[in-house]
Amino acid sequence: MEYRFNEIERKWRQRWVEQHTYEVKEDPSRPKYYVLNMFPYPSGAGLHVGHPLGYIASDIYARYKRMKGFNVLNPMGYDAYGLPAEQYAIQTGQHPAVTTEQNINRYREQLDNIGFSFDWSREVRTCDPQYYHWTQWAFQKMFNSFYCNTCQKAQPIEKLVQHLSQHGTEGLDAAQTEELHLTAAEWNAMSEAEQSRTLMNWRIAYLGEMMVNWCPELGTVLANDEVVEGLSVRGGYPVVQKKMKQWCLRVSAYAQRLLDGLDTIDWTDSIKETQRNWIGRSEGTEVLFRVKDSDVTFTIFTTRADTMFGVTFMVLAPESELVGQLTTPEQHEAVEAYVTRTKKKTERERQIATDKTGVFTGSYAINPFTGDEVPIWVSDYVLAGYGTGAIMAVPAHDSRDYAFAKTFNLPIIPLIEGCDVSQESFDAKEGIVTNSQGKDFSLNGLTVKEAIAATKKYVTEKGLGRVKVNYRLRDAIFSRQRYWGEPFPVYYDNGTPRMIPEECLPLELPEVKKFLPTETGEPPLGNAERWAWDTVNRCVTENSKIDNQTVFPLELNTMPGFAGSSAYYLRYMDPKNDRALVDHDVDAYWKSVDLYIGGTEHATGHLIYSRFWNKFLFDLGYSCEEEPFKKLVNQGMIQGRSNFVYRVQGTNTFVSLGLKDQYEVTPIHVNVNIVQNDVLDLEAFKAWRPEYNDAEFILEDGKYVCGWAIEKMSKSMFNVVNPDRIVEKYGADTLRLYEMFLGPINMSKPWDSNGIDGCARFLRKAWNLFWDKQGNFVPKEGTATPENLKSINKLIKKVSDDIEVYSYNTSISAFMICTNELAQQKCTDKGIFEQFVTLLAPFTPHIAEELWEQLGHATTVCDAPWPECQEQYLKEDSETISVSFNGKTRFTLDLPTDISREDAEKAALQAEATPKYLEGKQVVKVIVVPHRIINIVIK
RNA sequence: GCUCUGAUGGUGGAAUGGUAGACACGAGGGACUUAAAAUCCCUUGGCCAGUAAUGGCUGUGCGGGUUCGAGUCCCGCUCGGAGCACCA
């Protein structure tokens, strides 16, 4: 009987749809399990073989869990907003919604080909108003909340307003943009608009004037994780720093909880470490410095409080507000020129620069420990956004300060016994402190660690400063000057931002005539005036105050890509709910994602924002778990394996790999789809491109062998392998199997079609177990032999163990071994075959369903119970045990398998061959270890 | 610079501290066939000895250590991949 995978796969895919096999409902009688893949951005290029890797891995696990009796949620959807569709729209005029729809349809077709157990009735798309309703809703909740440091959670903004009106900022401990001091009277005297503006200092979603990453080419600002080495991640365009008024999310308020939460979740160390780096917690001290002949004071942040006696100058960031206050008239011109020069530099230029530049302000600060006057400089090696934007410089013990001091000839005072700072600074936090004697305070003789602690204590007691924890993590910039994103549900009342009433959500994205900024430089939504006024008239009741002559009444920015992907896992639980993001009871059932699969590239983006977003919803009681993703598995990237042909220079002749060294050749990328096992299909090559029509070849052994290299999978390298082609040629089951067989899912590896035949061969062999040469169905009741039982139980044990740790490649090896054994044993027992098919079902569902039906079952194999291993069949009566002395095998013994350790020792010592090895020697101990070895230690 | 990862045949990769190289690909040999494809069987880390069965030595990036026994644990390097980085 021939294995016709095409027919079988088509049949079952259709039946799964008809019978709603993969649709799930909340079912309190069964335990739940939530499996999730990072949903894809549907790009125009379609899926390549790398994309389904994670989906297959999670599908296997989801199917396995279902067979183990869990109610499994395994949804899929699309992260549909994004720059490529919009860039394409700008070039072609094609509406992004149209291209996105097309791409989604193509993705769906490709995904359906692979036989996933997704519950498509729960599909979400971030660009669907039914979906982004809740993205906008969450934003409004953030706008109407602040973060209370005392209770460590988000609170309604009304509580803050109440506090301000009764006590001002007195006793208020909340996450804020800058430190404000207000009395209740001052607050109450403010106009409503002023109060609204002031509240931005605390809101979790706030409008802030801040330095942003501006990308002129893309015409938009970008978040920190969207910029790498001063270039935009999308497109690689330069990014400059610019001060702009933008919507921001106060992610920094959650820094400590984001850090602490990492200890409660099962993610790999490396991705946790990446997030820890990104959050960048650093414990230190803030110290207040007075300025000579002035009332001005300023604070600096340091992690090396022990080096207070080595401060020889101070440095301000060029963007610091102190620069203006501290520059003396004589230095004004020089400082001005320096600050202007810095502004013109791109982020990248500032990062690359190794030389220290700077300028003296003319002012001096007074070291609170020594009373010394030290000059205050301005330099761009100090960052405005970190700490206080000002530092105390200790050139002896900080390499950057050292370089600056050398450049400008400033003094260097060493503070560690025996350190040599003539060539470079001594940065290590170790050694014994010296040179540190003040009026009433000395650090001499202490270790660095002790000195830091002592200084902290002193500073706090004397009111010179305080202990402070700083984080690198910045607030997320939430505005994009783009069209294809969620509109902000915000209108402006004479410049004061207000939320569109909740009952008016979703605020739908309007049609626009063009996707570029308006002539006045407004974002693309500025083209949609009609939409703006209609919205205001429809939703805002008291709109009399809005000046409809001059000011555009709605927010024109749209939200960034991470907005829609931050809470999508909650929406999958209850995707059609039009009254809430997710029903409370439904959320209480599904709780959080048990297994999340996706790439590491989202470590500092989506995976931070999502955790932040969920923690916020948790604080407000909308999500019942604090961490959204309990277990995270990162699938590796699938790289491309490119093939090359070698053209003899100046000819149209191509020489095979083994002979190319005899010629002057140019390697040329050749389409991997016309190469098999590195052998070129000559006719296909000639037909590939017109210029190769009359190509000639120099062959080796009658074949043209191509060279190869591992590169990124990309169109330009002609190494993109399309899963549809593999499915067509080998079937989806073979594709699934092969992708998993390539190696552990968390490792990056090149796609190499060379091995795929092995998996196809295995499935054919497995299929052939069920029919004899005449085409008769083999399985019969009650014919199991002990060998059959041993083989299948070995398989059950191996697959059950391996699947739990996602070691699918070794499971598949076990299947191959078992298949060969059953074939050799000429197994005919129906029970054995049923167990075999059941085990196979998560991996290769189509063939498993077909065989399951052939075995006489009317129900789907998806609900067959996962077999339990019967250990008794694995045991043997006796086995050969090697006996070794001092690590070398000397002889073997046949012993019963269930023999005790003592008896084994006795048997080994009494064995006939033993004495001659023991002559004149003393037995120290006998060690019985698993795997059939007894080791006798002698002296 | 700091942090995290990894290194095993021609290739992808297996090995709870216990016979390293499972399984697969590739390669070589053989069977079947007019032929090819497909299928099946055998060999396959390296070196040495033997007509052969087989035996010996060596071997998991490098150098040490712990252990009866180390790919696995510890210390010190080399090289690759990733993250952070003028973060005070």
Side-chain angles (χ1 to χ4, degrees), chain A residues 228-229 268-282 284-285 300-305 307 315 317 350-356 379-383 385-394 397-401 403-404 427 470-474 600-601 603-604 634 636-637 641 677-678 708 737-738 741-744 746-759 761-762 764-765 768 798 801-802 807 809-817 820 823 880-882 884-889 892 924-939:
Chain A
V228 172
E229 291 179 351
T268 62
D269 288 339
S270 77
I271 204 150
K272 284 187 188 182
E273 202 56 33
T274 301
Q275 292 211 340
R276 287 195 190 102
N277 278 339
W278 187 258
I279 295 166
R281 180 190 155 102
S282 117
T285 316
I300 57 90
F301 174 77
T302 180
T303 53
R304 291 296 301 271
T307 60
V315 189
R350 266 177 82 161
Q351 278 178 17
I352 300 170
T354 44
D355 303 340
K356 294 281 181 276
S379 174
D380 65 1
Y381 84 90
V382 174
L383 304 175
Y386 186 78
T388 59
I391 62 152
M392 63 178 212
V394 186
H397 302 293
D398 183 288
S399 54
R400 297 152 301 180
D401 297 344
F404 193 85
D427 289 14
N470 254 323
Y471 299 91
R472 204 194 70 97
L473 185 70
R474 285 301 122 73
T600 48
E601 67 273 20
T604 56
N634 297 114
M637 291 248 288
R641 189 177 187 278
N677 291 356
D678 289 336
W708 59 272
L737 217 48
Y738 185 56
F741 191 64
L742 275 173
N746 58 345
M747 279 202 327
S748 285
K749 57 235 154 184
W751 177 264
D752 180 354
S753 304
N754 289 348
I756 201 161
D757 289 317
C759 289
R761 222 168 271 158
F762 156 69
R764 204 160 42 229
K765 277 189 202 169
N768 285 335
K798 181 78 178 148
D801 289 352
D802 287 354
S807 178
N809 56 332
T810 52
S811 297
I812 295 167
S813 295
F815 274 114
M816 291 173 174
I817 294 167
N820 283 339
T880 307
I881 295 191
S882 315
S884 51
F885 301 148
N886 288 356
K888 290 210 174 153
T889 301
T892 61
V924 179
K925 56 181 165 178
V926 179
I927 299 158
V928 182
V929 291
H931 301 285
R932 285 165 265 141
I933 293 172
I934 294 177
N935 204 337
I936 301 177
V937 184
I938 51 179
K939 250 205 297 218

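Numbers restart at 1 for each chain; the letters A, B, ... are given by sequence-line order, proteins then strands.
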Sugar-phosphate, base or nothing in reach of A:Lys798, heavy atoms under 4.0 Å
nothing
By nearest-nucleotide position on RNA chain B, the 5'-leaning member of A:Asp802 and A:Ile817 is A:Asp802
Do side-chain atoms of A:Asp401 reach the backbone of A:Val394 as a donor and acceptor pair under 3.5 angstrom? yes
Of the listed B:G83, B:A88, B:C4, the closest approach to the A:Asn277 side chain comes from B:G83
OH of A:Tyr386 to CD1 of A:Ile391, rounded to nearest 0.5 Å, is 12.0 Å
Any strand, both distances under 3.5 Å, Watson-Crick or G-U wobble: B:U19 pairs with none
Rounded to whole Å, the CG-P distance (A:Leu737 to B:G12) equals 20 Å
A:Asp757 atom CG is separated from B:U11 atom C1', nearest whole Å, by 15 Å
Sorted by chain and residue number, the side chain to side chain donor-acceptor pair (under 3.5 Å) partners of A:Asp398 (sequence neighbours excluded) come out as A:Arg400
Here the distance between atom P of B:A22 and atom CD1 of A:Ile812, to the nearest Å, is 18 Å
note: A:Leu742, atom CG; B:G26, atom C1'; distance rounded to Å ~ 15 Å
Rounded to whole Å, CZ of A:Phe741 lies from P of B:A24 at a distance of 7 Å
Open item on the list: Hydrogens and angles aside, do A:Thr600 and A:Asn634 bring a side-chain donor and acceptor to less than 3.5 Å of each other?
Closed with: no
By the Watson-Crick or G-U definition, both distances under 3.5 Å, B:A27 is matched with B:U43
- request: Would you indicate what A:Ile391 reaches in the nucleic acid, counting non-hydrogen atoms under 4.0 angstrom: base, sugar-phosphate, or nothing?
  value: base
Any strand, both distances under 3.5 Å, Watson-Crick or G-U wobble: B:G50 pairs with none
Using a heavy-atom cut-off of under 4.0 Å over every strand shown, decide if A:Arg764 touches base, sugar-phosphate, or nothing. sugar-phosphate
Its glycosidic angle compared against 90° from 0, B:G9 adopts the form syn
What integer number of Å spans the C1' atoms of B:C42 and B:G6? 37 Å
Over all strands shown, is A:Thr274 touching base, sugar-phosphate only, or nothing at heavy-atom distances under 4.0 angstrom? sugar-phosphate
- Task: Carefully, step by step, assess A:Tyr738 and A:Phe762 under the rule side chain to side chain contact (heavy atoms under 4.5 Å, CB included).
- Result: CA-CA 11 Å; A:Tyr738 185 56; A:Phe762 156 69; over 6 Å; no
In Watson-Crick or G-U wobble terms, with both distances under 3.5 Å, the base opposite B:G1 is B:C84
Taken to the nearest whole Å, CG/A:Asp752 to P/B:G12 is 9 Å
Checklist entry - Distance between the P atoms of B:C74 and B:U67, in whole angstroms? => result 16 Å
Tell me whether the NZ or CZ atom of A:Lys356 lies within the 45° cone about the ring axis of A:Phe404 and under 6.0 Å from its centre. no
In Watson-Crick or G-U wobble terms, with both distances under 3.5 Å, the base opposite B:A70 is none
To the nearest angstrom, the CE-C1' distance between A:Met816 and B:C25 comes to 10 Å
- request: For A:Arg761, answer base if it contacts any base atom (sugar-phosphate contacts may also be present), sugar-phosphate if it contacts only those atoms, and nothing otherwise; contact means non-hydrogen atoms under 4.0 Å.
  value: sugar-phosphate
Contacts of A:Gly743 and A:Tyr386 projected onto RNA chain B by closest heavy atom; the upstream (5') one is A:Gly743
Distance col, row A:Phe815:CZ vs A:Asn820:CG, nearest 0.5 angstrom, shows 13.5 Å
To the nearest angstrom, the CH2-P distance between A:Trp751 and B:G12 comes to 16 Å
Atom P, compared across B:A37 and B:A52: separation rounded to whole Å: 32 Å
**Message:** OP1 or OP2 of B:A85 versus the side-chain N and O atoms of A:Arg472: is any pair under 4.0 Å?
**Reply:** yes
| message | Counting the atoms with a prime plus P, OP1 and OP2 as sugar-phosphate, which does A:Val382 contact under 4.0 Å by heavy atoms, base, sugar-phosphate, or nothing? | response | base
inquiry  = Between B:C25 and B:G17, how many Å separate the two C1' atoms, rounded to a whole number?
reply    = 31 Å
* Within the structure, does a side-chain N or O atom of A:Asn809 lie under 4.0 Å from either OP1 or OP2 of B:A14? -> yes
Say you pick atom C1' in B:C62 and the same atom in B:A24; how far apart are they, in whole Å? 31 Å
>> Give me the distance, rounded to whole Å, that separates B:A7 from B:A20 when you measure between the C1' atoms they each carry.
In response: 16 Å
### Query
Expressed as a whole number of Å, how far does the P atom of B:G21 sit from that of B:U44?
12 Å
CD (A:Gln275) and CG (A:Leu473) are apart, to the nearest 0.5 Å, by 9.5 Å
Considering only heavy side-chain atoms of A:Asp269, the closest of B:C4, B:A22, B:A24 is B:C4
As its Watson-Crick or G-U partner within any shown strand, both distances under 3.5 Å, B:G63 has B:C75
Counting only distance, no hydrogens or angles, is the base of B:C86 paired donor-acceptor with the side chain of A:Lys356 under 3.5 Å?
yes
Between B:A88 and B:C4, how far apart are the two C1' atoms, rounded to whole Å? 24 Å
